[in-house]
Amino acid sequence: MAKAKKNRNTARKPEPNKEGKDLEKMTVQSLSPELKRFKVKLSIRIAVIILSVLALSWFFEGWREINKSITPVHVAVFISGTAVTAALLYLQGFWIYLEEKYKGTLRRKLEHFEKLEQRWLRKGN
């Protein structure tokens, strides 16, 4: 019994768009030449990292206090630490996404970040 060989080299060719350009080869430079670079200032990055560490410590402090005794203050510290940590991680992920996109090394587009970027560009930032 010989098994039939599967053709594993069946990569799809990118479909050209209306202008005849390959959609997969289009980078930010070809889409919008005026936006060639995205960079967050180092001082802002450091401030967000410090706030992330502080928020994460709130999370652990809230968890530790909840294990001792549940009070509204302990629950508030835990929930605020969780929410702030998640929001700051989301912000850092958005920055990384934009940097990779503008460098042309983005591997996968995320629709939510694309919509957020469009909203951010409409505001003129």
| message | Do Trp120 and Leu106 sit in one hydrophobic cluster, given that two such residues count as connected whenever their side-chain heavy atoms are within less than 4.5 Å of each other, even indirectly? | response | yes

| said: side-chain contact (heavy atoms from CB on, under 4.5 Å), that's the test. Do Val73 and Glu65 meet it? Break it down for me. | reply: CA-CA 9 Å; Val73 174; Glu65 293 300 322; over 6 Å; no

| field | Hydrophobic cluster membership, Phe94 vs Ile44, 4.5 Å side-chain cutoff | value | yes

| query | Going through the checks in order, is the side-chain contact (heavy atoms from CB on, under 4.5 Å) test met by Phe78 and Glu61? | reply | CA-CA 7 Å; Phe78 176 74; Glu61 179 64 23; over 6 Å; no

| Is the closest basic N to carboxylate O distance between Glu117 and Lys101 below 4.0 Å? | yes

| query | Can His112 and Tyr90 be counted as having a side-chain donor-acceptor contact under 3.5 angstrom? | reply | yes

| said: To the nearest 0.5 Å, what is the distance between CG on Leu116 and CG on Leu110? | reply: 11.5 Å

| request: Answer yes or no: is there a side-chain heavy-atom contact under 4.5 Å between Val48 and Ser52? | output: yes

| request: Could you give me the CA-CA distance, side-chain angles and deciding distance for Val84 and Leu88, then say whether side-chain contact (heavy atoms from CB on, under 4.5 Å) is met? | output: CA-CA 6 Å; Val84 173; Leu88 291 173; 3.8 Å; yes

| task | Could you please spell out the steps behind the side-chain contact (heavy atoms from CB on, under 4.5 Å) verdict for Phe60 and Leu56? | result | CA-CA 6 Å; Phe60 286 116; Leu56 194 58; 3.7 Å; yes

| Non-hydrogen atoms of Trp58 and Ser80 that approach each other most closely | CE3-OG, 4.4 Å

| field | Connected via hydrophobic side-chain network under 4.5 Å: Leu54 and Ile79 | value | no

| message | Using modelled atom types and a 3.5 Å cut-off, is there a donor and acceptor pairing between side-chain atoms of His74 and backbone atoms of Ser69? | response | yes

| said: Can you list, by chain and residue number, the hydrophobic cluster partners of Leu42 when the side-chain cut-off is 4.5 Å? | reply: Ile46, Ile50

